[in-house]
Amino acid sequence: MVRALCFKMGKDPKKETAFTIVYKRTERNGIMKTYRTKMLRLVSMALAFALVFSLANVQNVEAKTKKKNIVVLYFSATGTTRGAAKKIGKATKGNVIEIKAKKPYTEEDLDYGDENSRVSKEHASAKTPARSKVRPKIANITAIKKAVKKADVVYIGYPIWWGEAPHIVYSLVENVSLKKKTVIPFSTSISSGLGSSGKHLKVKAQISSKTKWMKGRNFYDVPSQKTVNKWVKSLKY
Ligand SMILES: Cc1cc2nc3c(=O)[nH]c(=O)nc-3n(C[C@H](O)[C@H](O)[C@H](O)COP(=O)(O)O)c2cc1C
């Protein structure tokens, strides 16, 4: 190429050493410039891609680790379910709230051996608590509604009475919206398990298609913190 140009310009390529040197340099510089531009383009594209990818990754991690708002509601007549609820509260760092009966249950009320006691009458009012019209009033329903509204996950604890959740827990699920919530029932008992008590509550509860109603579990007596931690961890809530 240099040779052809020298010839065109009437110069002797062998003699015009300075000219050929300058020309060769110019040509080489041109090639280098194109090469540098291409490299720059490639590097900036790679950087832009890396930036977009890392931003998407950060957002994904944030969404996954966003702390869930957890409420642990419980009804307890003699303290066992309260003990379990407090341990669940500790394991989940949730807000523990007692479901307080407007008319608290006395020892006499709880005497299921007496057919005239309050609990016996509630039990006899229908075949199941779900079908009963007995709905004991909850003293702190407004505070419960407020807490549940902000919650993502709602644990609901109760003692097993005749294989079911007590009527007052129906007062709760029928009056507090559990739409879009993850609901986790738990119970305490002497010998029965959770049975179908959770499922029966779900039938009467204020839920939506986005409510995630979990199976839940029963504890025989107040569980150890270790047992509760293990269970909560398995639920991932
Ligand atoms: C009215 C009544 C009915 C009960 N029915 C059962 C039952 O069907 N099965 C069972 O294992 N325990 C039954 N229990 C025992 C309670 O479920 C158990 O003592 C529970 O842990 C009490 O919880 P709390 O202390 O939170 O009230 C019953 C207790 C009462 C007062």
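Counting starts at 1 for both ligands and their atoms, following the listed order.
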Is Val176 reachable from Val173 through a run of I, L, V, M, F, W or Y residues, each pair having side-chain heavy atoms under 4.5 Å apart?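 As far as the 4.5 Å side-chain criterion goes, Val176 and Val173 are connected within one cluster.
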
Just list the side-chain donor-acceptor pairs under 3.5 Å for residues 212-219, sequence neighbours left out, or say none.
unit_1, atom_1, unit_2, atom_2, d
Lys212, NZ, Tyr237, OH, 2.8
Trp213, NE1, Gly198, O, 3.4
Asn218, OD1, Ser187, OG, 2.7
Asn218, OD1, Ser189, OG, 3.4
Asn218, ND2, Ser189, OG, 3.1
Asn218, ND2, Ser192, O, 3.3

Do Leu178 and Ile156 touch side chain to side chain, with heavy atoms closer than 4.5 Å?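 SC-SC contact between Leu178 and Ile156 confirmed.
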
Salt-bridge contact Arg118-Asp109 (side-chain N to carboxylate O under 4.0 Å):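 A salt bridge is present here (some side-chain N lies under 4.0 Å from a carboxylate O).
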
Applying side-chain hydrogen bond (donor to acceptor under 3.5 Å, both in side chains), name anything that partners Glu174, two or more places apart in sequence or on another chain.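 In terms of side-chain hydrogen bond (donor to acceptor under 3.5 Å, both in side chains), with neighbours along the sequence ignored, Glu174 is linked to Arg135.
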
Contacts under 3.5 angstrom, residues 161-170 side chains, donor-acceptor by atom type, not counting sequence neighbours:
unit_1, atom_1, unit_2, atom_2, d
Glu164, OE1, His200, ND1, 3.0
Glu164, OE2, His200, ND1, 2.8
His167, NE2, Glu122, O, 3.2

Write down, by chain and number, every protein residue that brings a non-hydrogen atom to less than 4.0 Å from an atom of ligand 1.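 Ser76, Ala77, Thr78, Gly79, Thr80, Thr81, Leu110, Tyr112, Val119, Pro159, Ile160, Trp161, Trp162, Gly163, Thr188, Ser189, Ile190, Ser191, Ser192.
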
